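Quick notes on the structure that follows.
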Amino acid sequence: MKKIIPSLLLAALTACGQSEAPQKAADSETNIPTVEELTANSERLKELRQQCKTDRSKLGDVLCNRVAEATRKRFYGDGETPYTPPKESPKF
């Protein structure tokens, strides 16, 4: 019994081969604009943001993730802006 379980596990693992889907996804990524391209083109970014909201499954996760990252970069900038507190503290 102890010899059967490892051999079944080995057979199950060897039967699982790598699928073809990752290769197809890598090929389709060449047509997807980069984050920098999307950041530079605000009209295209706005259009793609709307499309990702309404039909993410059609556009794909890779493109919508890049759109989200470009939106974040446009909003936050380069992230190098230091925090400057107000000169007077707020009065409540």
Side-chain angles (χ1 to χ4, degrees):
M1 184 71 173
K2 291 182 181 179
K3 292 183 180 181
I4 294 174
I5 293 174
S7 62
L8 288 176
L9 181 63
L10 181 63
L13 290 176
T14 55
C16 299
Q18 185 173 356
S19 66
E20 297 296 322
Q23 293 175 350
K24 291 179 183 177
D27 292 339
S28 65
E29 286 183 25
T30 57
N31 298 332
I32 298 174
T34 63
V35 173
E36 289 77 21
E37 291 172 349
L38 291 170
T39 305
N41 189 349
S42 62
E43 289 299 318
R44 178 78 174 136
L45 180 61
K46 184 177 179 182
E47 175 184 311
L48 286 173
R49 281 182 65 208
Q50 186 62 35
Q51 289 177 5
C52 284
K53 286 180 186 178
T54 58
D55 200 9
R56 185 179 180 100
S57 62
K58 181 181 174 187
L59 293 177
D61 286 336
V62 174
L63 176 60
C64 290
N65 288 341
R66 288 186 185 178
V67 167
E69 180 66 19
T71 302
R72 187 196 64 78
K73 280 190 173 188
R74 285 185 59 88
F75 184 77
Y76 287 116
D78 59 0
E80 299 296 321
T81 307
Y83 173 70
T84 54
K87 294 181 181 180
E88 296 179 15
S89 62
K91 297 182 181 180
F92 294 104

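One is the number of the first residue; the rest follow in order along the sequence. As the structure is a prediction and not an experimental result, all values here were calculated from the model.
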* Please test T39 against L45 for side-chain contact (heavy atoms from CB on, under 4.5 Å), starting from the C-alpha separation and ending with a verdict. => CA-CA 7 Å; T39 305; L45 180 61; 5.8 Å; no

* Decide yes or no on salt bridge (Lys or Arg N to Asp or Glu O under 4.0 Å) for R44 and E47, but give the supporting numbers first. => CA-CA 5 Å; R44 178 78 174 136; E47 175 184 311; 2.9 Å; yes

* To do: I would like to know whether R56 and N65 meet side-chain contact (heavy atoms from CB on, under 4.5 Å); could you show each step before the answer?
  => CA-CA 10 Å; R56 185 179 180 100; N65 288 341; 2.8 Å; yes

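Y76 forms part of a hydrophobic cluster together with F75, judged by ILVMFWY side-chain heavy-atom separations under 4.5 Å.
Of the possible donor and acceptor atoms, none in the side chain of N41 sits under 3.5 Å from a partner among the backbone N and O of E37.
In this structure, D55 and K58 approach most closely via the heavy-atom pair OD2-CB, 3.1 Å.
There is a path of hydrophobic side-chain contacts, each under 4.5 Å, that joins V67 to V62. If you chain together hydrophobic residues whose side chains sit under 4.5 Å apart, I32 and L59 fall into the same group.
The closest side-chain heavy-atom distance from P33 to L63 is below 4.5 Å.
Looking at E69 and R66, no side-chain N of the basic residue comes within less than 4.0 Å of a carboxylate O on the acidic one, giving no salt bridge.
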